[in-house]
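Below is one structure, written out as structure tokens; comments come after it.
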There are 2 protein chains.
Amino acid sequence: MTNTKTTNKERSKSEAKAEAIIKGAMQEFLKHGYAAASMDKIAKTAKVSKATVYSHFGDKESLFSAVVQDLVKDKFQTVMGLQKPQSLEQEPKIVLSQIGMRMLENTRSDRNFQDFVRIIIGESGRFPQLAQAYVRNIAKPGIEILSQYFKAHPELKLDDPEATVRVMVGTLVYFVILQEMLHGQDILPLENERLVNTLTDLITQHQNC
Amino acid sequence: MTNTKTTNKERSKSEAKAEAIIKGAMQEFLKHGYAAASMDKIAKTAKVSKATVYSHFGDKESLFSAVVQDLVKDKFQTVMGLQKPQSLEQEPKIVLSQIGMRMLENTRSDRNFQDFVRIIIGESGRFPQLAQAYVRNIAKPGIEILSQYFKAHPELKLDDPEATVRVMVGTLVYFVILQEMLHGQDILPLENERLVNTLTDLITQHQNC
DNA sequence: GTCTATAAGGAGATAGAC
DNA sequence: GTCTATCTCCTTATAGAC
């Protein structure tokens with residue numbers, strides 16, 4: 001045994017600081033990006049000394065990694081919570097519309113989420129593992145939930161449910177990227193309803209045949 | 001008249017340097033991102049002194065702006081060249097497949113283009129005007145070309161051609177983002193053909209009714 | 001216009017007291 | 001574990017010679 005003198009209370013204090021550092025770093029990284037965020041400012045935001053930041057996380061890259069993994073867990077909750085309170089057995093057309101509309105409303109108004117996606121994509125060349133954490137823990141679960149729904153509804157007569165999910169998710173996500181993150185809403189105006197209706201019509205088209 | 005002593009040859013030399021600076025800066029910005037790119041390295045890459053860089057572009061932000069606008073013009077050519085050599089009047093199903101496949105093949109293998117999109121999205125919070133230049137000069141023209149095709153083919157019986165274009169473009173672009181830029185191809189494997197076939201089937205489905 | 005040299009400040013990271 | 005103080009290096013930007 002090592003002479004660990006830290007009591008529970010002391011460890012709690014230390015963990016509280018670690019948490020404060022993560023939150024402060026999160027704020028700074030999301031605001032300025034990885035390179036432009038400074039460890040000085042992060043320490044100030046977290047109300048600890050810079051040395052404490054380094055004793056907890058070693059270096060800037062490790063801190064960034066910890067922050068992103070925290071964010072990934074956080075946003076995973078968001079994605080999962082998105083589909084839950086659905087009236088379970090309605091017409092697919094209505095269910096799909098609701099899912100699409102809710103997803104757009106939630107993400108288009110969530111600046112924090114947009115900053116998160118910005119940093120994931122922006123740093124995906126230099127931090128490929130973090131990009132893959134996003135794919136594995138956010139994109140994949142989202143895709144799989146919708147995929148299960150499609151497979152559970154054979155009346156949709158989808159030739160390739162998995163590829164169809166990609167159509168739906170890609171349409172919605174790139175729409176948010178263009179309209180909000182890239183500030184394109186005045187250049188390429190289009191209402192949520194028109195996009196979602198078109199999407200659900202394409203997918204449920206067989207019903208009309 | 002001011003006593004402009006610059007002859008044509010001298011101006012050419014100066015413009016050649018400006019071009020070299022742009023190209024060097026492009027390389028560095030695409031590789032390291034805006035904040036992590038250094039003016040020292042940019043000057044070295046362009047084989048001029050740092051003072052020359054500043055005399056041409058004023059400061060780092062202006063240089064970045066010039067670089068991105070150059071890239072936007074460049075990539076506009078790519079987007080326009082993408083649709084050109086199409087056998088004009090084939091079945092829509094085949095034309096759409098060809099457009100989709102070609103787009104995926106071109107962009108999935110073009111690391112330079114991916115770095116460009118990375119920096120546009122990554123810096124879109126801090127440089128909204130540059131993001132809008134991308135939307136205006138690349139996304140919009142691409143969308144409009146496809147839109148014209150859809151509108152010129154009423155036999156597709158599309159309720160909302162403009163929204164349908166967004167479905168197609170969003171599906172393809174987000175696919176490239178997920179598979180290549182975010183390194184998701186081993187986590188969420190899917191072949192180009194399956195995505196494009198699903199997409200074209202959804203859009204041209206009426207033909208089967 | 002272009003260079004060398006340098007200013008002025010901020011960056012990441014650590015030493016050493018407590 | 002946490003702090004203050006500091007080290008060292010690199011950053012953007014400019015002054016002044018040619």
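No experiment lies behind these values; they were computed from the predicted model shown. Lettering follows sequence order; numbering is per chain, from 1.
- Residue A:Ser49 places at least one side-chain N or O under 4.0 Å from the OP1 or OP2 atom of D:dC3.
- Between the NZ atom of B:Lys44 and the P atom of C:dT2 there is a distance of 19 Å, given to the nearest Å.
- Comment: B:Asp115 does not engage B:Lys31 in a salt bridge, judged by the lack of any side-chain N to carboxylate O separation of less than 4.0 angstrom.
- A:Lys17 has a side-chain polar atom (N or O) that falls below the 4.0 Å cut-off from OP1 or OP2 of D:dC3.
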Would you be so kind as to tabulate the donor-acceptor pairs closer than 3.5 Å made by side chains of residues 162-172 of chain B, with sequence neighbours excluded?
unit_1   : atom_1 : unit_2   : atom_2 : d
B:Glu162 : OE2    : B:Lys151 : NZ     : 3.2
B:Thr164 : OG1    : B:Asp160 : O      : 2.8
B:Arg166 : NH1    : A:Gln179 : OE1    : 3.0
B:Arg166 : NH2    : A:Gln179 : OE1    : 3.4
B:Arg166 : NH2    : A:Leu188 : O      : 2.6
B:Thr171 : OG1    : A:Val167 : O      : 3.3
B:Thr171 : OG1    : A:Thr171 : OG1    : 3.4
B:Thr171 : OG1    : B:Val167 : O      : 2.7

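- Of the N and O atoms on the side chains of A:Asn197 and A:Lys93, not one donor lies less than 3.5 Å from an acceptor on the other residue.
- Nucleotides of DNA chain C nearest to B:Ala51 and A:Tyr34 differ in position, and the one nearer the 5' end is that of B:Ala51.
- In this structure, a donor-acceptor pair under 3.5 Å is present between the side chains of A:Ser62 and A:Asp59.
- Per the geometry, NZ belonging to A:Lys47 stands 13 Å off P belonging to D:dC3, to the nearest Å.
- The nearest whole Å value for the distance from the CD1 atom in A:Ile21 to the P atom in D:dC3 is 8 Å.
- Put simply, CZ on A:Phe64 is 19 Å from C1' on C:dA13, counting in whole angstrom units.
- In this structure, the CD atom of B:Glu15 is 9 Å from the P atom of C:dG1, given to the nearest Å.
- Side-chain N/O atoms of B:Tyr54 include one lying less than 4.0 angstrom from OP1 or OP2 on D:dA13.
- The nearest whole Å value for the distance from the CD atom in B:Glu61 to the P atom in D:dT12 is 12 Å.
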Sugar-phosphate means primed atoms, P, OP1 and OP2; the rest is base. With that split, encode nucleotides 6-11 of chain C 5' to 3' as B, S or - using protein heavy atoms under 4.0 Å. -----S
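- Atom NE2 in A:His56 sits roughly 12 Å away from atom C1' in D:dC3 (whole-Å rounding).
- Here the C1' atom of nucleotide D:dT12 and the CZ atom of B:Phe57 are 17 Å apart, to the nearest Å.
- Note that the CZ atom of B:Phe150 and the CD atom of B:Glu144 stand 14.0 Å from one another [nearest 0.5 Å].
- Aromatic ring pairs are classed by plane angle as parallel below 30°, tilted from 30° to 60° and perpendicular above 60°; the pair A:Tyr34 and A:Phe64 is tilted.
- Between the side chain of A:Lys60 and the backbone N or O of A:Ala37, at least one donor-acceptor pair lies under 3.5 Å.
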